Amino acid sequence: MRILKFGGTSVGTVQSITEVADIIQKKHSKSQGLVAVFSAMSGVTNKLIEAGNLAATGKSSYQEILKTIEDRHFEVIKALVPVKSQSAILARIKGEINDLEDFLKGITYIQELTPRTSDFLVSFGERLSTQMLAFILQERGIPTEYWDARKIIKTNSTYGCAEVDTLSTHENIIQNLNNTEVIYCVTGFIASDEKGVTTTLGRGGSDYTASILGAALNAEVIEIWTDVNGMMTADPRKVKNAFSIPEISYSEAMELSHFGAKVIYPPSLIPAFQRDIPIRILNTFDSAHPGTIISKTVAQKAYSITGISSIDDIALVNLQGNGMIGVAGVSAKLFGLLADNNISVILITQASSEHSICFAVEPTAGEKVRNILERGFRSEIENGEIENVSIQYNLSILATVGEGMRSSSGISGKLFSVLGKNGINVVATAQGSSELNISVVIKKKDIAKALNAVHESFFEIDGFTINLFILGPTGLIGRTLLRQILAQREYLKKEKNVSIRLVGMTNTRKMLLNPEGIPLDDAIERLLEDGEVVNQSEFFEDMQALNLSNSVFVDCSADKNIIQYYAPLLQSNISIVTPNKVANSGSYEEYALLRDISKRRNVKFLYETNVGAGLPIINTLQGLINSGDQIQKIEAVLSGTLSYIFNTFDIDRSFVDVVKEAKEKGYTEPDPRDDLSGTDVARKILILARECGIKLELEDVEITPILSERALAAPTVDAFYQVLEEENEIYAKQIQTAHEEGKRLRFIARFEEGKAKIGLTAVDATHPFYSLAGSENIVSFTTDRYLHNPLVIKGPGAGAEVTAMGVFADIISLSSFLA
Ligand code: ADP
Ligand code: ASP
Ligand code: MG
């Protein structure tokens, strides 16, 4: 004997019912003794409840619902039953619909929908679908017999979720369903009590019907046909990368379904477990897929946990007080009160101090629980032994489940670490002593992020995804970065298991966000064509609201207005990577705040490209400091522009010509004085000084200016050139003197004894900066360890390619931190 149960979506449309009929036909030709259990067509149970509620308020608008229910069944019959045979089944369905209508009319008179009448009302759903299915199969030449489960499944009278009387139910089943020649078509979900009044087995209860039948008939297997490829590592609607679990134990399946994996109704596992009957979960829409087998013993798993599930909306009740310490019986009384009032408790935790007990319930039960407890513990509350009952709402539970937890350590460490790295606060936690489940209570707004991050960390061992947001993708650095990522993504995936998903972009005109990912190969076109008109603060708010795991924001601008968003982003655990040096060279207070947040929230703020573009200057300096070296002195040429100008300037050239040439070659800002003023260099040496732990402000950096007051004050660039020409003598003299002394002019930034200074210096051939060429940058660190022979880093310190590379390297470095 085999039991096949088809859920709501499997019997929801003409197309799905065709699949169902094909599956049954195939099974029928291969084996004898089939029982098919059907749910109501998808959505019908909810619609019936809605109709009942409308009727209970005296409204006749339930008629529309009736009409849709009728139409959906008629549509299937007309499509799948030959015309000549249709009238019989159409009449039967119409008869049921008429009864249903009479019943709803009755409700409008009494204006009350009790759990008892509601059970009768929803029973129409399964009765309609199953009669229809039995007829369709019969018409295909498969012998069927329709059974209303109310005749065989007996329960107590707890309407809405009745308890099965196993003994009488088994007897009824064995006596009535004993012909292996026919396929019994049985209504799921519904049953009846001692007096024959209709009851139901709880929402999702058709699975339970199948399991009860399976146990009574000692079936070889119970097949649950649904709309996914078995039980999966997480709800595929919430975690895109979830995959099906080939084998799972009854207890694991029980835990997962108890904590929200709706694919199987938890009580269904018990009858099957007791008789050791395997349950197979299969996909009606992909019938060749092996799905999941649920049984007692399972093979060793490839992963340390088996699955993750969640209950998205719960309330957490906290009972606390000194009177609870060491007093036996407080929990007994508490849970006794809850049980007496039919409150089901989803999760319980108690601190070892016994000072408080915390438990989760359905949010709709929250206020009822408060009343029950306040009444039940009145005297304890009055004499101060127990404080008031407190309830927190808008919470979710995430549960990680697996037998493998027993044998491996570090699972909870990994779970809490991944939640922590994603800035998800754990409100409460529980681990059963069976070590089958570790559950955490978190804010509801974090559940999607938490599910994905935890899934990624436990199951996607061959893949880690960074969710990237770029500001300034149309600028030179942004464009180059996108191109570099595109060119490198195959390698990163294959060799480093890292994927980069571009989720958001904005420039000064447009913004675009897509959590599914924006194709990298035409990202800019997408931004320009599909992007909305930019609203900067909205972009940042949306980025935070998306709340994606492993989010990284890259600021490719030099815009000082963006800096205000850095702190809130870090607060939301979004890492920042930036070549924009404004944040690090603004006020010290601001600088310290960003570091403070990043330390407290354990989120990364990376800015290697702030100094010397892609040259590894900041990382090297941090490495020296972190490993205990003492920085004695930093000397550096930190401007590619000034480097070029002074490498080119010689006794045979006038200074103004060199400046003009640098500008023509595109090495300078539009106004070369922006480079020559030394401010940019000052910002860079300030950042290095701050890295060394010195509290400096930009004004503290002493700049010995290259240009005269007059040159700086000239109203236009041409006027400035004019002044330079007039002052040619000053520059000519400097270069002449240097030449005579065998020296060269370098614009050097120095940090020594807590002070930062910048100025033009003549260096001789023994100095490491003497041989600098082109637009190179150079930094020399004199430290305790590199005392007589400083550590020197030299190379191109500007340009889109090397800057984008530095940003890219920072992004990649995050993967090992976040994974
Ligand atoms: P049916 O109508 O066939 O009874 P349900 O809607 O009750 O189907 O259950 C199937 C749904 O359960 C899936 O579509 C899926 O979204 C959800 N689900 C939740 N958690 C899981 C999980 N871990 N594995 C598979 N499906 C899950
Ligand atoms: N039709 C019922 C429900 O929607 C039972 C089931 O589908 O399992 O809850
Ligand atoms: Mg179901």
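In each ligand, atom 1 is the first atom listed, and ligand 1 is the first ligand listed. In this text, all values refer to a predicted model and were calculated from it rather than measured experimentally.
Geometric assessment of Arg92 against the ring of Phe74 yields a negative cation-pi assignment under the 6.0 Å and 45° thresholds.
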Enumerate the pairs of nitrogen or oxygen atoms, one from ligand 2 and one from the protein, separated by less than 3.5 angstrom; state names and distance to 0.1 Å.
from, atom 1, to, atom 2, distance (Å)
ligand 2, 1 (N), Thr45, OG1, 2.8
ligand 2, 1 (N), Glu126, OE2, 2.7
ligand 2, 4 (O), Thr45, OG1, 3.3
ligand 2, 4 (O), Arg203, NH2, 2.9
ligand 2, 7 (O), Ser39, OG, 3.2
ligand 2, 8 (O), Gly204, O, 3.3
ligand 2, 8 (O), Gly205, N, 3.4
ligand 2, 8 (O), Ser206, N, 3.1
ligand 2, 8 (O), Ser206, OG, 3.2
ligand 2, 9 (O), Arg203, NE, 2.7
ligand 2, 9 (O), Arg203, NH2, 3.4
ligand 2, 9 (O), Gly204, N, 2.8

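The Gly230 neighbourhood of ligand 1 comprises atoms 24 (N), 25 (C), with distances under 4.0 Å to a heavy atom of that residue. Under a 4.0 Å criterion applied to the non-hydrogen atoms of Lys262, ligand 1 contributes the atoms 5 (P), 6 (O), 7 (O), 9 (O), 12 (O), 19 (C), 20 (N). Atoms of ligand 1 found under 4.0 Å from any heavy atom of Arg237, numbered from 1 in the order shown, are 13 (C), 14 (O), 16 (O).
Residue, atom and distance of the protein heavy atom nearest to atom 26 (N) of ligand 1 are Val263 CB, 3.5 Å. The protein heavy atom nearest to atom 24 (N) of ligand 1 is Met232 N, 2.8 Å. Among protein heavy atoms, the minimum distance from atom 13 (C) of ligand 1 is reached at Asp227 OD1, 3.5 Å. For atom 2 (O) of ligand 1, the closest non-hydrogen atom on the protein side is Gly8 N, 3.1 Å. At the top of the distance list for atom 1 (P) of ligand 1, counting protein heavy atoms only, stands Thr226 OG1, 3.6 Å.
Listed by chain and number, the residues in a ring-ring contact (aromatic ring centres under 6.0 Å, His included) with Phe273 are Tyr250 (sequence neighbours excluded).
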Practice item. Could you walk me through whether Glu516 and Arg501 pass salt bridge (Lys or Arg N to Asp or Glu O under 4.0 Å), step by step? Key: CA-CA 8 Å; Glu516 303 291 313; Arg501 184 191 292 137; over 6 Å; no
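When heavy-atom distances to ligand 1 are checked against a 4.0 Å cut-off, Asp235 comes that close through both its backbone and its side chain. Under 4.0 Å from ligand 1, the heavy atoms of Lys5 that appear belong solely to its side chain.
Remark: the backbone N or O of Thr297 is paired with a side-chain donor or acceptor of Ser295 at under 3.5 angstrom.
Remark: the Asp193 side chain and the Tyr159 side chain contain an N/O donor-acceptor pair separated by less than 3.5 Å. Side-chain contact, Thr306 with Glu252: a donor N or O sits under 3.5 Å from an acceptor N or O. Residues Thr68 and Asp71 bring no donor and acceptor atom of their side chains to less than 3.5 Å of each other. Side-chain atoms of Lys154 and Ser192 form a donor-acceptor pair, as typed in the model, at a separation below 3.5 Å.
Separation of atoms CD1 (Ile97) and CZ (Phe124) is listed at 8.5 Å; rounding is to 0.5 Å. The distance from the CZ atom of Arg150 to the CD1 atom of Ile152 is 12.0 Å, given to the nearest 0.5 Å. The OG atom of Ser309 lies 8.5 Å from the CD atom of Glu255; values are rounded to the nearest 0.5 Å. Taking CG of Asp313 as the start and OG of Ser396 as the end, the distance is 6.5 Å to the nearest 0.5 Å. Atom-to-atom distance recorded for Asn437:CG and Leu256:CG is 8.5 Å, nearest 0.5 angstrom.
Within the 4.0 Å heavy-atom shell around ligand 1 one finds Val228. Ligand 1 lies nowhere less than 4.0 angstrom from a heavy atom belonging to Ser309.
Ligand 1 has no nitrogen or oxygen under 3.5 angstrom from a nitrogen or oxygen of Pro236. Here's the thing with Met231: none of its N/O atoms is less than 3.5 angstrom from an N/O atom of ligand 1.
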